[in-house]
There are 2 protein chains.
Amino acid sequence: MAGKHSSAPDKPVRDKPVRGRAKSVRSGQEPPLSLERIVATAVELLDAQGLEGLTMRRLADRLGSGVMSLYWHVDNKEDVLDLALDSVLEYRGPSRTAGPQAWHEDVVHMLEDWRAGMLRHPWSALLLPRRTLGPNILGRLELLSRTLSGAGVADADLNVALWSLWNYVIGATVTRAGFGVSDDERTAAQQRLADQSERYPTIARSRLLLDNDWDGAFRQGLDTLLDGLATR
Amino acid sequence: MAGKHSSAPDKPVRDKPVRGRAKSVRSGQEPPLSLERIVATAVELLDAQGLEGLTMRRLADRLGSGVMSLYWHVDNKEDVLDLALDSVLEYRGPSRTAGPQAWHEDVVHMLEDWRAGMLRHPWSALLLPRRTLGPNILGRLELLSRTLSGAGVADADLNVALWSLWNYVIGATVTRAGFGVSDDERTAAQQRLADQSERYPTIARSRLLLDNDWDGAFRQGLDTLLDGLATR
DNA sequence: GCGACTAGTAGTACATTGTACGAGTCGATC
DNA sequence: GATCGACTCGTACAATGTACTACTAGTCGC
């Protein structure tokens with residue numbers, strides 16, 4: 001935690017180092033390092049190679065810089081992961097629908113977008129559990145919270161509603177991501193399950209994994225949950 | 001994947017190597033290595049030191065063996081984690097309640113037990129997303145599935161119900177575990193949130209993190225979800 | 001012009017990790 | 001006694017995160 005661009009030792013405020021310092025010695029090809037570039041490249045790398053694929057060396061390579069240069073912009077690898085995660089969770093506009101029951105649609109849209117966004121970057125689902133709440137996550141929670149509140153959910157019930165929805169979304173996303181994006185993994189899991197169908201007859205009968213209309217199931221469960229919450 | 005105790009190269013069936021081979025050269029103190037002992041010790045270590053705390057060397061130390069000896073019983077570290085996770089998720093008896101609406105109580109009991117079990121070993125929640133379904137997890141799903149089916153949920157709706165409940169439990173557990181078991185971490189998060197209360201007014205008002213009746217909130221959300229599912 | 005300072009880059013070095021390889025030990029069977 | 005298979009373990013290596021230190025290039029006051 002030594003020489004950082006924000007020199008105050010206790011308050012590591014993350015303000016962008018708005019500084020033009022054109023082409024350095026590095027033959028002028030690459031633009032200079034910056035937090036944004038680091039995070040964006042980290043996301044690229046994570047998308048391409050998964051969670052294991054991100055190493056500081058590889059990241060530096062892709063940025064055309066030395067490894068240790070990263071550490072001027074970033075505290076450590078955890079930091080990179082935190083930032084990558086939060087950057088992926090940005091929410092672009094709610095596109096408010098009008099009319100009665102609009103809040104129902106609004107909430108569904110927000111949460112489906114949330115899930116979709118995370119599934120687009122499957123590593124994010126694996127990361128979420130162990131990271132703290134970044135600004136974009138909090139932003140999403142705030143928006144959700146406001147929508148529910150506007151829909152008439154009493155303050156006393158707000159937390160339960162919020163957590164229920166959050167839990168549902170996180171659970172669904174994490175689960176889905178855990179079963180692998182690749183069809184290979186999924187079919188392998190299905191096969192393993194089919195092999196033991198005599199031990200788990202009910203599951204086998206319900207074709208738990210074979211039915212891969214995940215999106216539909218997500219939506220249905222969400223509707224159910226929302227209905228339940230609305231009638232409280 | 002070379003010399004393993006199950007010699008068939010394609011089917012690595014995990015059968016316990018039931019073999020008595022008393023006190024070896026190792027001064028006769030430690031009992032011989034075995035999968036069970038390895039897994040149990042791994043769980044101990046994980047409980048004590050968390051996910052980062054588990055290294056093959058430390059594990060071997062605790063077992064009083066050489067590091068490489070572990071690799072005769074286990075393919076790799078992933079394997080250890082898989083086994084540790086599943087071992088922690090064993091479900092001891094349902095304690096069937098009688099009477100009408102018994103299934104509701106049964107389900108709540110099963111899921112609360114599930115959550116409680118995982119929170120007793122917080123690393124398990126972090127692990128769950130990236131692991132495949134072990135026998136104990138499947139067993140729990142089977143039981144849940146059977147209970148729901150017995151309660152009259154149609155086969156067509158079974159998957160949605162199952163996933164909804166699963167998602168909810170996993171989400172709640174993962175979230176709770178992610179906020180840290182230690183009060184320090186939690187209060188730190190609360191503080192961070194309070195600092196930015198002007199940006200997230202609704203959340204701040206609802207005292208999202210301050211209200212730490214997690215168990216009650218879990219139960220309430222679960223009831224809501226079950227009600228919704230029952231009225232389908 | 002000149003020295004001091006700041007922002008930023010990067011090479012080297014090291015401790016820690018998972019695990020491949022191969023040698024060793026012991027009991028049972030021929 | 002020779003052989004084999006189950007099991008143990010020391011050595012070695014490559015990969016990783018990062019501390020330390022030295023370097024470069026601009027800016028500012030003189």
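Numbers restart at 1 for each chain; the letters A, B, ... are given by sequence-line order, proteins then strands.
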Of all the nucleotides listed ([options]), which has the minimum atom distance to the side chain of [X]?
X        : options                   : answer
Met68(B) : dT18(D), dC21(C), dT8(D)  : dC21(C)
Lys77(B) : dG18(C), dT16(D), dC9(D)  : dG18(C)
Met56(B) : dT9(C), dG17(D), dT19(C)  : dT19(C)
Ser69(A) : dT16(D), dT9(C), dT8(D)   : dT9(C)
Tyr71(A) : dT18(D), dT17(C), dT19(C) : dT18(D)
Thr55(A) : dG17(D), dT17(C), dT9(C)  : dG17(D)

Interatomic distance where [atom1] belongs to [X] and [atom2] belongs to [N] [whole Å]:
X        : N       : atom1 : atom2 : value
Trp72(A) : dT6(C)  : CH2   : P     : 12 Å
Leu59(A) : dT18(D) : CG    : C1'   : 14 Å
Leu45(A) : dT16(D) : CG    : P     : 11 Å
Arg57(B) : dT16(D) : CZ    : P     : 16 Å
Leu54(B) : dG18(C) : CG    : P     : 7 Å
Glu52(A) : dT19(C) : CD    : P     : 11 Å

Thr173(A) and its side chain to side chain contact (heavy atoms under 4.5 Å, CB included) partner, picked from Thr175(A), Ile170(A), Val169(A):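 Answer to the side chain to side chain contact (heavy atoms under 4.5 Å, CB included) test with Thr173(A) among Thr175(A), Ile170(A), Val169(A): Val169(A).
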N-O pairing of Arg140(B) and Asp113(B) below 4.0 Å: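 Judged by the 4.0 Å cut-off on N to carboxylate O distance, Arg140(B) and Asp113(B) do form a salt bridge.
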Phosphate contact (dA6(D) OP1 or OP2) by His73(B) side-chain N/O below 4.0 Å: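 False: His73(B) side-chain N/O out of range (4.0 Å or more) of dA6(D) OP1/OP2.
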Separation between CG of Leu63(B) and CG of Leu45(B), rounded to the nearest 0.5 Å: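 Atom-to-atom, Leu63(B):CG and Leu45(B):CG are 8.5 Å apart.
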